[in-house]
Amino acid sequence: MHINRLHDWPASEAEAVALQHALRERVDVSAPPPGPISLIAGCDIAYHLTEPRLFAAVVILKMNDLSVVEELTVSREVTFPYVPGLLSFREVPALLELFSDLRHTPDAVMLDGQGIAHPRRFGLACHLGLWLDLPCVGCAKSWLVGDYAEPGRTAGEASPLSVDGAEVGAVVRSATGVKPVFVSPGHRTDIASATQLVRATLSGYRHPAPTRAAHIAAGRSRAAAGV
DNA sequence: GCGACAG
DNA sequence: ATCTTGTCGC
């Protein structure tokens, strides 16, 4: 798919933070995705054990049966340090490389990371969402910001996640008995739709099918590289 | 000053 | 993210 340039990549953390403040106002989480979602993309990245290199993966799944129709991986040099709150500057470049080579254009994207449940309301899912101009949902494995009540122990149960009294997402029990995941919209989807999308792709594991498939693909890519 | 911190 | 064996529970 074709991708329009959104901005140049910052070299410092200060520049990155400034860019987040400038881009956050373009994020739209006011409404559900514009159309039906029949294809969904899952993304994840694995890191080299000793070198500054990553292995990114994007997998396209059909929403009706969660079968994989396309899978792409790429290895790349890591160009930005890991700083809580600035994760997207480390992972988005590699993901964009993959999306530009995709044969299918997904109707929505799911990522391992936060959407607007972020210190500056601009998590990984928001950033990739703006670049792709596609509905993006953040599904993080751990907490970054916000208050919430522990959701029920059964798969599908959820409780609201809020920051300063404003709802930003939901804490979802993705499988019975596992630690919940933190779901928040990134772009072109509202909180309810983001949560429903995660619920609709649960497959018995802690991670929803899209990100789970991407996680496995990224790991396989790294293994194939000899580490 | 202290505690917290997606991947 | 990544290193790791066994082990508890359904």
Side-chain angles (χ1 to χ4, degrees), chain A residues 13 16-17 19-20 23-24 27 29 42-58 73-96 98 109-130 136-148 153-155 161-164 168-187 191 194-195 198 204-208 210-227:
Chain A
E13 296 180 23
V17 171
L19 191 52
Q20 291 183 317
L23 296 174
R24 57 176 292 181
V27 170
V29 292
C43 313
D44 193 32
I45 289 178
Y47 289 86
H48 188 108
L49 279 52
T50 58
E51 297 166 23
R53 172 165 294 278
L54 57 75
F55 299 84
V58 172
T73 60
V74 69
S75 177
R76 210 177 200 277
E77 197 95 2
V78 172
T79 58
F80 202 88
Y82 169 67
V83 180
L86 299 180
L87 178 65
S88 66
F89 293 93
R90 187 176 166 82
E91 308 201 330
V92 168
L95 295 178
L96 291 177
L98 291 174
V109 180
M110 196 177 288
L111 303 156
D112 256 328
Q114 316 284 349
I116 61 172
H118 177 279
R120 289 170 291 283
R121 292 284 201 288
F122 196 72
L124 176 61
C126 301
H127 204 160
L128 184 67
L130 285 186
C136 259
V137 175
C139 182
K141 297 183 297 301
S142 60
W143 177 93
L144 178 60
V145 293
D147 305 302
Y148 65 95
R153 184 174 175 291
T154 304
L161 175 64
S162 56
V163 174
D164 298 325
V168 298
V171 181
V172 181
R173 191 73 67 181
S174 48
T176 302
V178 305
K179 284 174 49 180
V181 292
F182 296 74
V183 180
S184 60
H187 186 47
I191 295 173
T195 303
V198 167
Y205 298 92
R206 186 179 181 223
H207 299 88
T211 52
R212 174 179 159 76
H215 183 76
I216 293 173
R220 208 166 355 73
S221 171
R222 185 182 65 173
V227 60

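Here is the naming used below: chain letters follow the sequence lines, and residue numbers restart at 1 for every chain. Quantities reported herein were computed from a predicted structural model and do not represent experimental measurements.
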Output the rounded distance in Å from [atom1] ([X]) to [atom2] ([N]).
X	N	atom1	atom2	result
Asp112(A)	dA6(B)	CG	P	13 Å
Glu13(A)	dA6(B)	CD	P	14 Å
Arg206(A)	dG7(B)	CZ	P	8 Å
Ile116(A)	dA6(B)	CD1	P	18 Å
Leu86(A)	dA4(B)	CG	C1'	15 Å
His207(A)	dA1(C)	NE2	C1'	12 Å
Leu144(A)	dA6(B)	CG	P	6 Å
Leu95(A)	dA1(C)	CG	P	14 Å

Would you find a donor on one side and an acceptor on the other, under 3.5 Å apart, between the side chain of Ser221(A) and the backbone of Ala217(A)?
no
So, Thr176(A) side chain and Ala155(A) main chain: donor-acceptor pair closer than 3.5 Å or not?
yes
Classify the nucleic acid contact of [X] as base, sugar-phosphate or nothing, counting any heavy atom under 4.0 Å across all strands shown.
X	result
Leu49(A)	sugar-phosphate
Leu111(A)	nothing
Tyr82(A)	base
Ala46(A)	sugar-phosphate
Gly85(A)	base

Dot-bracket for DNA chain C, please. Rules: Watson-Crick or G-U, both distances under 3.5 Å, ( ) within the strand, [ ] when a pair crosses earlier ones, | for another strand, . otherwise.
..........
Between [X] and [N], does any side-chain N or O lie under 4.0 Å from OP1 or OP2?
X	N	value
Ser142(A)	dG7(B)	yes
Arg90(A)	dA6(B)	no
Lys141(A)	dG7(B)	yes

Please determine, for the side chain of Arg222(A), which listed nucleotide (dG7(B), dT2(C), dA6(B)) has the closest atom?
dT2(C)
Enter the distance from [X]:[atom1] to [Y]:[atom2] here, rounded to the nearest 0.5 Å.
X	Y	atom1	atom2	answer
Ile45(A)	Arg90(A)	CD1	CZ	8.5 Å
Arg53(A)	Ser75(A)	CZ	OG	4.0 Å
Ser174(A)	Arg206(A)	OG	CZ	6.0 Å

What class does the angle between the rings of Phe80(A) and Phe89(A) fall in, given that below 30° is parallel, 30 to 60° is tilted and above 60° is perpendicular?
tilted
Going by the angle between their ring planes, with limits at 30° and 60°, are Tyr148(A) and Phe182(A) parallel, tilted or perpendicular?
perpendicular
